[in-house]
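The next block holds one structure in the form of structure tokens; read it before the comments.
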Amino acid sequence: MSTAITLNGTGYTIPEMGETGWRTTLNAYLAALATARGGSLVWGISTGVTTAARYAPPGYGAASSSEIQISAPATGTLRGLYVKCRTAAVGDSVVVTVRKAGAATALTCTVAASGTTASDTTNTVSVTAGDALSVSVTGGASFSSGAVDFLISLTLTPS
Amino acid sequence: MSTSQTINGNQHYLPASDDAEFGGVLASLLAGLAYKQLGHFVFFQTVTAGGAAYMSPGYGAGAADAASHVAPCAGRIVGTYARCRVAPTGQGLAFEVRKNGSIVIGGEIAIGETSATSATAVSFSAGDTFYAQTSSGHTGGDDASVVVAWAPA
């Protein structure tokens with residue numbers, strides 16, 4: 001009798017050993033399991049988003065004009081960038097960018113003017129344990145206020 | 001024909017079910033999944049010069065006393081990564097991590113450097129507490145962080 005397993009919303013029907021396709025299905029499930037496992041990294045800005053680049057502290061605190069970096073706790077892949085602010089950005093959009101070793105990566109998203117959420121579920125970034133990670137937040141030229149209690153989270157999947 | 005998975009940097013081959021090594025390989029693969037790093041504790045201190053001090057769990061200027069992270073499950077520390085934005089001068093920026101009050105990990109960001117790593121492995125139980133301290137005697141060392149990576153036991 002086959003066994004049905006759901007992982008991240010995808011169903012896998014694992015056949016009995018010896019049945020056609022059992023190993024392929026099991027392998028697909030294990031690959032998905034390896035990708036699904038991971039830890040979250042969280043940054044948060046209480047206040048301080050401006051039209052100039054500001055940096056989010058790990059956890060939660062006021063935005064900084066100096067780049068605040070922490071070390072990656074494992075070698076792996078960063079993915080699934082999600083942001084949420086309590087009050088909407090006023091006047092212009094706000095760009096959030098994950099940075100590695102002081103340089104922007106492809107992991108980025110934009111909270112639209114009057115918006116409170118954004119995400120990047122497409123791009124990924126490879127990291128090595130100990131790499132310097134930071135997150136920059138920059139309001140567009142017409143940004144005037146809002147974007148308060150701005151939380152940023154992503155997943156680090158170890159390789 | 002075998003298939004393969006890479007876990008924790010190791011490639012595991014999954015042979016056909018009637019191969020003699022099937023059970024052992026599958027067990028190794030599943031064990032690799034179980035030991036993938038899943039958690040981390042972050043300590044932060046915006047200003048470290050001026051005297052030995054406790055770091056803030058998460059983010060902050062520093063703590064007045066031993067403010068601790070608490071382990072949500074049993075596990076094992078697999079690596080510790082210290083970093084600061086401003087390199088220390090005069091002498092290195094030493095740091096230590098204490099489990100239930102006892103030093104379990106120590107290290108130092110050397111003069112002129114901005115990072116240091118410790119590979120010391122430490123086992124812990126659910127409910128164990130961890131706090132971090134930095135040393136005195138240096139200048140610089142601003143925006144210091146200590147990231148403690150751990151895996152569930």
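The shown structure was predicted, so the numbers you read here are calculated from the model rather than taken from an experiment. Numbers restart at 1 for each chain; the letters A, B, ... are given by sequence-line order, proteins then strands.
The hydrophobic clustering, which links ILVMFWY residues whose side-chain heavy atoms are closer than 4.5 Å, places Y55(A) and V135(A) apart. L41(A) and V42(B) fall within a single hydrophobic cluster, where Ile, Leu, Val, Met, Phe, Trp and Tyr side chains are chained together by heavy-atom contacts under 4.5 Å. Note: the hydrophobic cluster containing I152(A) also contains I70(A) (ILVMFWY, side chain heavy atoms under 4.5 Å, direct or indirect links). V148(A) and I45(A) end up in different hydrophobic clusters when Ile, Leu, Val, Met, Phe, Trp and Tyr side chains are linked at under 4.5 Å. Residues V125(A) and W43(A) share a hydrophobic cluster, clusters being chains of Ile/Leu/Val/Met/Phe/Trp/Tyr side chains in contact below 4.5 Å.
Taking both residues in full, the closest heavy atoms of A149(B) and P73(A) are given as CB-O, 3.1 Å, listed atom of the first, atom of the second, then distance.
Residues of residues 55-69 of chain B that come closer than 4.5 Å to chain A, counting heavy atoms only, are G58(B), Y59(B), ordered by residue number. Proximity to chain B among residues 88-111 of chain A is not found for any residue, judged by heavy-atom separations below 4.5 angstrom. Of all residues in residues 94-116 of chain B, none places a non-hydrogen atom less than 4.5 angstrom from a non-hydrogen atom of chain A. Residues from residues 120-145 of chain B that place a non-hydrogen atom less than 4.5 Å from a non-hydrogen atom of chain A comprise D143(B), S145(B), given in numerical order.
Proximity to chain B is limited to the backbone of S40(A), based on heavy atoms less than 4.5 angstrom apart. Residue contact with chain B, scored on non-hydrogen atoms closer than 4.5 Å, involves the backbone and the side chain of A132(A) alike.
Between chain B and the options G130(A), A62(A), A72(A), G61(A), heavy-atom pairs under 4.5 Å are most frequent for G130(A). Comparing G76(A), G59(A), S66(A) by heavy-atom pairs within less than 4.5 Å of chain B, the highest count is held by S66(A).
We find the OG-CZ distance between S64(A) and R85(B) to be 6.5 Å, quoted to the nearest 0.5 Å.
The closest side-chain heavy-atom distance from F44(B) to P57(A) is not below 4.5 Å.
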